[in-house]
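The next block holds one structure in the form of structure tokens; read it before the comments.
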Amino acid sequence: MSRIHSLGGYFHEYQKSVQNPEAFWASVADNFYWRKKWDKVLEWNFEEPKAEWFINGKLNITENIFERQLFTHGDRTAIIWEPNDPNEPAEHISYRELYERVCQFANVLQAKGIAKGDRVMIYLPMIPEAAVAMLACARIGAIHSVVFAGFSATALADRIKDCQAKAVLTSDGNYRGNKTIEVKSVVDEALSMSDGSVETVIVCQRTKQAISMTAGRDHWWHELCQGASIEHKAEEMDSEDMLFILYTSGSTGKPKGVVHTTGGYMIYTYYSFKNVFQYNPGDVYWCTADVGWITGHSYIVYGPLLAGATTLMFEGVPTYPHPGRFWEVIDKHQVNQFYTAPTAIRALQAFGLEPLQDYKLSSLKTLGSVGEPINEEAWRWYHDHVGKDRCPVVDTWWQTETGGILISPLSGITPTKPTYATLPLPGIQPVIVDAEGNELKGNSVEGNLCIKFPWPSMLRTTYGDHERCRQTYFATYKGYYFTGDGVKRDEDGYYRILGRVDDVINVSGHRMGTAEVENAINEHPLVIESAVVGFPHEIKGQGIYAYVICEDLEKTQRTEEVLKKEIIDTVSKIIGPIAKPDKVLLVSGLPKTRSGKIMRRILRKVAEGDVSSLGDISTLLNPEVVEEIKTKAGIPA
Ligand code: WT7
């Protein structure tokens, strides 16, 4: 159903999807169980903006994962869970077992007074309960908001406050490589900073480390489940009811809550999963992302489970206990589709071929890449040495806001080209515009990537601030959704993503706003001003380079090294370790225009170590600081 089998079939479906999008998506939606069918497929305009799909359709997404499929494959494995430590046994959870766990936990949530429309924060490591928690929320109509368990207490508190979460689902701790990480204590700290919206905390036992439990508020997951029924009637949801909020960084301000709704997200994640990965029943599919990111939502949990797939969830890290861990897991569970990020590929590439030698990797059929542009060297290494020259690489371009993959090869169908995301999926109408918003038609053009027609899993709003959604995505180029990415369409009509054109840095496939990192740095009491830019980093894709103006060092009674470390620790504390600057340069001034705007272009050039084309700096307010910055950055005069 809805499955494309050939390149001709792809072009045919694409044509249909553009000529009559409503009929096209209705035929995909017909695969699902709707308690009440929709009255109209789509209403939209990009001015408000508004996009509504399957209007007045009623359904529950978990009923489509479970009830719809249990008769045919209740015994099929839904989740294979591979723990951090290879000596701990893996878990195989069938659709029926997962169904029972979800129903039981749905009952637990409702017994705690959590109801349709309430926001529930999920701050959990990569354990099956993370998926159970998401699905149980969806079952009762509560809106989940998963926060990556590596984010700091401050970051978690900001998100709890923004959506006024009523409950937090978490664990005692988290195993990651050779470390045991605090989780519950971070939640405690976050709650001490929030404003009291949270009434209930449910704690899943994972590490059994000592934690403190606040009476009346905190409960053990396993205790609440005892005696809770494994039967549950799913809440009826409107197609446009919110399914989840996921916070993501942008070029300005605090992270915003991207809102996805039920019906459109369901059919798009299902459709894109099946077609991009060419999943066949019985295959084992593994996406290495964390559930805290959109990739984990759409392509560990929802897409695969809606398609009746076996999805592998991995608790650990690529290099523990050895750099062959990924390959070991692939052989152990006979993984057929493997989906990871360029940063992981480059990190493993750095270990050479030896860690691969003990593994066959013969089960692999498809390799996927996501999160950032993949450089040609990494693409080839992945293709030649992991895929042994026989597995198509699907370079999938998409965003938290798009909900699902928009531009990507279909595995084994679309001819690939290293570093190219290739062609849009059916239903996706990309356009390239110049700085003035004029559409650049035809091939061999380069510009800003926009989408000109809605697709079912498009973001609906940013939580609590629709104007911000309009401003960020729909105001830059009138009539288009603007992605923030630069793109090239080559002579074959293939798309190659060139990276962000806004003040967003992509560190190891994780999105960081420069303003967000600067605000964190500025929290250090001795910092006067800072400016952050990205620079090319061999493993991470981009690293974070921070230029910081501080109080007079002599007065601070610290060495430069100590101060730099304090600044880095401040960022780690406020956002999380993933946002730590790779380089901190203490400077006496920042290059500014006469109107006071920081000239990031100059800072980027210096960070890249390439000052051959700084342009005219004589119009700056303070041209002399450029020399100082160059010298301090170690660039020869
Ligand atoms: C940004 C979105 C989509 C899930 C993971 C990241 C970059 C994503 C690719 C790709 C080149 C890519 C873009 C995009 N990006 N995939 N295949 N090739 N760049 O989600 O945090 O929302 O970030 O990641 O710059 O805008 P995200």
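Counting starts at 1 for both ligands and their atoms, in listed order.
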Between T248 and ligand 1, does any nitrogen or oxygen pair lie at a separation below 3.5 Å?
no

Just checking, is any N or O donor in the side chain of T261 or E240 under 3.5 Å from an acceptor N or O on the other one?
yes

Evaluating non-hydrogen atoms only, which member of S249, G371, G296 is closest to atom 7 (C) of ligand 1?
G371

Of the backbone atoms (N, CA, C, O) and the side-chain heavy atoms from C-beta on, which set of I374 has a member under 4.0 Å from an atom of ligand 1: side chain, backbone, both, or neither?
neither

Can you figure out which of E372, M512, H297 has its heavy atom closest to atom 12 (C) of ligand 1?
E372

Check: T295 N/O within less than 3.5 Å of ligand 1 N/O
no

Backbone of Y271 reached by a side-chain donor or acceptor of S2 within 3.5 Å
no

Any W293 heavy atom less than 4.0 Å to ligand 1:
no

Distance flag, aromatic centroids of F453 and W455, threshold under 6.0 Å
no

The residue among V431, T402, L406 that forms side-chain contact (heavy atoms from CB on, under 4.5 Å) with I451 is L406

For atom 3 (C) of ligand 1, the protein heavy atom that lies nearest, with its residue and separation:
W398 O, 3.1 Å

Please determine, by modelled atom types, if T396 and Y299 share a side-chain donor-acceptor pair under 3.5 angstrom.
no

I'd like to know whether the aromatic ring centres of W53 and Y265 sit less than 6.0 Å apart in this structure.
no

Region of Q399 engaging ligand 1 - heavy atom pairs below 4.0 Å:
both

Examine T400 against ligand 1 and note whether any of their N/O atoms are separated by less than 3.5 Å.
yes

Who's the nearest protein heavy-atom neighbour of atom 11 (C) of ligand 1, and how far?
P373 N, 3.1 Å

Nearest-option assignment for atom 25 (O) of ligand 1, heavy atoms, candidates D485, I497, T483, N506
D485

Scan side-chain atoms only and decide if D162 and Y247 contain a donor-acceptor pair under the 3.5 Å cut-off.
yes

Does R159 count as lying over the ring of Y123, i.e. NZ or CZ under 6.0 Å from the six-ring centre, within 45 degrees of the axis?
no

Who's the nearest protein heavy-atom neighbour of atom 23 (O) of ligand 1, and how far?
R511 NE, 3.5 Å

